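One structure below.
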Amino acid sequence: MAGDGITTTQQPPRNTDALIPDKTIRKTKHLSIDTNDTISRSPRSSRFSVDSQRPTRPPPPGTYLIQIPKDQVYRLPPPENARRYEDLSRRKPNRSACRRCCCYSLAALLVLVTLAVALVGIFFLVFRPHKPMFSVSEVSVDGINLTSSTSPVTPLIKIKVRAKNVNDKLGLIYGGGSEAEIFYDGVKLGDGEFTAFDQPAETVTVTVTTLRGSRIQLTRSIREDLKESEKKGKVPFDLRIKAPFKFKVSAVTMWTMVVTVDCKITVDKLTSSATVITENCVTEDINLL
């Protein structure tokens with residue numbers, strides 16, 4: 001005071017923030033994180049630092065509903081269809097293998113058919129194959145006895161057949177397994193095999209075909225017709241020949257085809273010295289395939 005001679009000097013207030021103890025600073029820092037104080041830190045880093053210091057606890061037991069985005073859902077068959085799913089999964093490779101095998105087989109078959117058609121076309125255009133021509137030059141008849149009206153007959157008929165190859169570039173090979181039959185008015189009198197032989201281009205070959213019948217019982221009307229035809233000197237027969245053959249080009253032999261010949265023959269009598277009066281042989285068209 002002034003009366004006492006004592007001068008009192010009033011000091012300005014101190015900055016309390018500068019003198020805050022360390023404990024208070026640490027406490028303030030922790031409070032600023034939890035209470036979103038003015039300390040500038042990113043929310044992510046603050047959350048991480050706090051969560052990392054908290055002890056992890058297992059979730060309480062119970063039922064939870066989890067939502068998953070649609071694009072992350074993987075569909076699996078239900079348990080009752082698991083066996084069927086496995087069977088179908090195993091069958092796929094077998095089916096694909098079967099399909100490939102069928103496709104390859106069909107493709108190979110198509111290629112073979114195409115090649116066969118091409119070969120036939122080339123063969124037909126280049127060589128112009130013609131069917132052979134046939135005729136009958138001689139006939140010998142034995143074993144037909146018409147004196148008895150009840151006894152069976154055992155015919156033995158030999159026919160000399162003239163075969164002509166009209167192709168100028170193709171040879172012919174007649175193989176085994178041929179058939180030859182002779183008829184009178186629809187009744188078969190004998191059969192045999194046409195002779196096998198090789199025939200060069202533009203040649204004529206004469207063969208003898210033997211036809212035999214065994215104990216053929218002729219009806220009364222057939223016997224009477226034969227007697228009447230022999231009296232007139234005109235006994236008609238029908239000869240039918242089926243012969244397998246192949247075309248031959250140089251050393252190359254083609255596939256087997258069948259030629260069918262129908263001949264109508266008329267002889268003067270039923271003996272070994274019979275004479276052919278008329279004959280007409282027709283060769284049916286040959287199927288090249």
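Heavy-atom basis, side chains included; hydrogens, waters and symmetry copies ignored. In this text the structure is predicted, and so the values were computed from the model without any measurement.
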> CD/E193 to CD1/I241 distance, rounded to the nearest 0.5 angstrom?
Replying inline: 12.0 Å
>> Would you compute the distance between atom OG of S140 and atom CD1 of I157 and round it to the nearest 0.5 angstrom?
In response: 9.0 Å
> Can you hop from Y184 to V276 via hydrophobic side chains spaced under 4.5 Å?
Replying inline: yes
> What's the verdict on side-chain hydrogen bond (donor to acceptor under 3.5 Å, both in side chains) for T207 and T195, showing C-alpha distance, side-chain angles and the deciding distance?
Replying inline: CA-CA 7 Å; T207 63; T195 306; 4.5 Å; no
> What heavy-atom pair brings G192 and L211 nearest, and what distance separates the two atoms?
Replying inline: N-CD2, 3.5 Å
> Side chain of D238, backbone of F183: donor and acceptor closer than 3.5 Å?
Replying inline: no
>> Counting neighbours of CZ on R223 that are heavy atoms of other residues, nucleotides or ligands and sit closer than 6.0 Å, is the number greater than 12?
In response: yes
> Is L270 close to V235 at the side-chain level, that is, under 4.5 Å between some pair of heavy atoms?
Replying inline: yes
> Do I222 and L239 share a hydrophobic cluster (ILVMFWY, side-chain heavy atoms under 4.5 Å, transitive)?
Replying inline: yes
>> Looking at every non-hydrogen atom in both residues, tell me the closest pair between P244 and T256 and how far apart they are.
In response: CB-CG2, 4.0 Å
>> Let's go through K169 and V249 carefully: what are the C-alpha distance in whole Å and the side-chain angles of both, what is the deciding distance for side chain to side chain contact (heavy atoms under 4.5 Å, CB included) to 0.1 Å, and is it a yes or a no?
In response: CA-CA 7 Å; K169 297 179 181 178; V249 184; over 6 Å; no
> What pair of heavy atoms forms the shortest contact from L189 to I216, and how long is it?
Replying inline: O-CD1, 3.2 Å
>> Are the side chains of K248 and M254 in contact, using a 4.5 Å heavy-atom criterion?
In response: no
>> Return the CE to CG distance between M133 and N165, rounded to the nearest 0.5 Å.
In response: 11.5 Å
> Where is the tightest heavy-atom contact between P200 and T203, given as atom of each residue plus distance?
Replying inline: O-OG1, 2.7 Å
> Under a 4.5 Å side-chain heavy-atom rule over Ile, Leu, Val, Met, Phe, Trp and Tyr, are I286 and F197 clustered together?
Replying inline: yes
> After noting the C-alpha distance and the side-chain angles of E279 and K264, does the key distance pass the salt bridge (Lys or Arg N to Asp or Glu O under 4.0 Å) rule?
Replying inline: CA-CA 6 Å; E279 61 87 25; K264 293 189 178 299; over 6 Å; no
>> Any heavy-atom pair between the side chains of Y174 and V259 that's under 4.5 Å?
In response: yes
>> For I159, run the side-chain contact (heavy atoms from CB on, under 4.5 Å) check against V141, I182, V208 and tell me which one passes.
In response: I182
> Does the side chain of F127 come within less than 4.5 Å of I122's, by heavy atoms?
Replying inline: no
> Side chains of R162 and V204: closer than 4.5 Å at any heavy-atom pair?
Replying inline: yes
> Within a reach of under 6.0 Å around NZ of K131, are more than 12 heavy atoms found that belong to other residues, nucleotides or ligands?
Replying inline: yes
>> What's the separation between atom CG in L170 and atom NE2 in H130, rounded to the nearest 0.5 Å?
In response: 9.0 Å
>> Working to the nearest 0.5 angstrom, can you tell me the gap between K227 NZ and T147 OG1?
In response: 7.5 Å
> With a 4.5 Å heavy-atom cut-off, do V153 and R215 have their side chains touching?
Replying inline: no
>> I'd like to know if M257 and V252 are part of one continuous hydrophobic network [Ile/Leu/Val/Met/Phe/Trp/Tyr, side-chain heavy atoms within less than 4.5 Å].
In response: yes
>> Side chains of L226 and S229, heavy atoms from C-beta outward: is any pair under 4.5 Å?
In response: no
> How long is the span from the OG1 atom in T219 to the CD atom in E224, to the nearest 0.5 Å?
Replying inline: 10.0 Å
> If every non-hydrogen atom of K246 is compared with every non-hydrogen atom of W255, which pair is closest and at what distance?
Replying inline: CG-O, 3.7 Å
> Honestly curious: do L156 and I265 fall in one hydrophobic cluster under the side-chain, below-4.5 Å linking rule?
Replying inline: no
>> Give me the atom names and distance for the closest heavy-atom approach of F194 to S178.
In response: O-OG, 2.8 Å
> Is the closest side-chain heavy-atom distance between T283 and F134 below 4.5 Å?
Replying inline: yes
